[in-house]
Amino acid sequence: MIKLEPGSVIGILGGGQLGRMLAMAAAQLGYHTHIYCPDEKNPAEQVTNRLSRSSYTDEVALIRFAKVVDVVTYEFENIPVETVELLNQHVPTFPSAQVLQVSQDRLHEKNFLNKIGVETAPYAAVMTEGEAVEALKIITYPAVLKTRRFGYDGKGQAIVKSPEELSAAWAMLNSSDIIIEGFIPFDMEISVLAARGQDGEIKCFDPAENIHKNHILDLSIAPARIAPHLRAQAVGIACHIVAELEYVGVLAVEFFVSSSDPVFRVNEIAPRVHNSGHWSIEACPTSQFEQHIRAICGLPLGDTSLYGRAEMKNLIGDDILDVALYLKDPDANFHHYGKTHARPGRKMGHVTRILPTVGTNKKSI
Ligand code: AMP
């Protein structure tokens, strides 16, 4: 187990808003950060002590980076596994390369979850349209076709409601690495942010209810408006996943919840801090970002209890133009990610509001 003293340097792969908020949490605990990312004008560089702008495959730059940091972590999961393996030869790197290997491929992820007894949608990996036709005889319609790798915010996926829709969906995805999932008629999507320390200590945040618009997270509400025993069930599954992975850091587990289905089905896991946990910055004594830094630096994990009911609204594209409105609202905790161009669909910031009681349940399962 490594325990880093304040003043140590945390290397972060990726320079997006998650890297930015990790760097801010690291500074709060007395650490320095060094962002490594290929992109220019990234949100994290405004708040970090040091920056390396190089590609994730530049071995010389990666080794140079590894030699000047005390630990490495990452803020997004599409970093090559080999990059994390190389870094780990020179400096402790959390979460591990094996975790990335599992979560980067939807097939590996579902195989792993089912192996440890966690339910998912029924699924099959297929390489040709003919194999898809055969698999759909078992999975049945409606179903969701997804590329196995590099999908996010609904990209790289298509719903097929009938055999007539299959060819168009297959052509649109244009890949031979496809996973077909049974369509889950969920009532709600929830997520649990789970943290595991190097010593095996585990703490979870309350499950959040997630509402999407155009496949992008719009609103997260914590705690999710489901019965307390269901919340406990979701937390139990998330704890089981991080324990089985021997994970270090914060990991997000996304679930489908359906009143007609007695089991919780995991949609996916993300080996990093997550958009659906941003409310924890104001709503909990320890935010998901601080918790991640604590875990990778060998500090005890912090308290994750909620001060009240939290609502986090993503500010997407032009939503950020309403900044004056949020600044006037005494209940709005406003976050701007420092991005200059508000393209449609781009996450520009978020606003969190804390309601003092947990009682206002408009919807409940
Ligand atoms: P994903 O990229 O896997 O997180 O999927 C994006 C969104 O598509 C999810 O948040 C769900 O709203 C929807 N979705 C994905 N897979 C399924 C499924 N098997 N059944 C129903 N809806 C799904």
Side-chain angles (χ1 to χ4, degrees), residues 18 76-78 100 102-114 118-126 132 135-136 138-162 165-166 169-170 172-175 177-194 207-222 224-226 234 237-238 241 251-278 312-314 316 345 347 363 365:
L18 300 178
F76 85 122
E77 62 272 46
N78 287 331
L100 259 192
V102 169
S103 59
Q104 278 182 353
D105 184 318
R106 293 183 191 275
L107 177 64
H108 295 169
E109 184 178 65
K110 286 205 167 47
N111 286 344
F112 161 74
L113 291 168
N114 284 275
V118 173
E119 302 269 359
T120 62
Y123 65 100
V126 295
L136 280 159
I138 297 161
I139 291 176
T140 72
Y141 293 90
V144 189
L145 267 59
K146 298 180 182 177
T147 52
R148 278 172 51 181
R149 299 166 67 87
F150 304 123
Y152 70 99
D153 289 345
K155 292 189 174 60
Q157 60 178 271
I159 295 178
V160 283
K161 298 198 185 92
S162 65
E165 293 181 4
L166 180 60
W170 191 266
M172 192 271 283
L173 293 176
N174 190 26
S175 165
D177 262 337
I178 296 287
I179 188 166
I180 302 183
E181 297 178 12
F183 183 86
I184 306 296
F186 59 83
D187 297 313
M188 191 185 281
E189 290 184 86
I190 66 166
S191 57
V192 175
L193 276 301
E209 171 181 343
N210 300 321
I211 298 159
H212 297 84
K213 245 192 214 167
N214 303 323
H215 298 288
I216 300 173
L217 182 67
D218 178 45
L219 198 65
S220 277
I221 301 171
R225 291 169 294 175
I226 54 176
I237 295 169
I241 293 171
L251 172 135
V253 184
E254 295 183 46
F255 297 86
F256 296 127
V257 185
S258 166
S259 50
S260 59
D261 188 349
V263 296
F264 274 44
R265 295 183 191 275
V266 169
N267 175 27
E268 61 180 359
I269 57 175
R272 55 173 169 81
V273 287
H274 196 256
N275 194 172
S276 67
H278 289 358
M312 187 283 312
K313 167 115 181 82
N314 260 346
I316 309 285
K347 291 175 184 164
K363 172 179 180 180
I365 295 177

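Both counts, for ligands and for their atoms, begin at 1 and track the order of listing. Keep in mind that what you see is a predicted model, and the values were worked out from it rather than measured.
In this view, Tyr123 satisfies the ring pair (Phe, Tyr, Trp, His ring centres under 6.0 Å) rule with no residue, not counting sequence neighbours. Taking the ring pair (Phe, Tyr, Trp, His ring centres under 6.0 Å) definition, one finds that Phe186 meets it with Phe256, sequence neighbours left out.
Numbered from 1 in the order shown, with element, the atoms of ligand 1 that lie under 4.0 Å from a heavy atom of Lys146 read 3 (O), 15 (C), 16 (N).
Here CD of Glu254 is found 7.0 Å from CG of Asn210. Values are rounded to the nearest 0.5 Å. Taking CD1 of Ile237 as the start and CD1 of Ile269 as the end, the distance is 13.0 Å to the nearest 0.5 Å.
Note on ligand 1: Lys155 sits outside its first shell, no heavy atom being nearer than 4.0 Å. Look at Gly156 and you'll find every heavy atom at least 4.0 Å from all atoms of ligand 1.
The distance criterion of under 3.5 Å between nitrogen or oxygen atoms is not met by Phe186 with respect to ligand 1. For ligand 1, one of its N or O atoms has an N or O atom of Ile184 under 3.5 Å away.
Proximity annotation for atom 13 (C) of ligand 1: of His215, His212, Gln157, Gln157 comes nearest, heavy atoms only.
Residue-level proximity to ligand 1 for Asn210 is absent, since no heavy atom of it falls below 4.0 angstrom.
Across Leu217 and Asn314, no two heavy atoms sit closer than the pair O-ND2, 2.8 Å. Shortest non-hydrogen contact noted between Ile159 and Glu165 is O-OE1, 3.8 Å.
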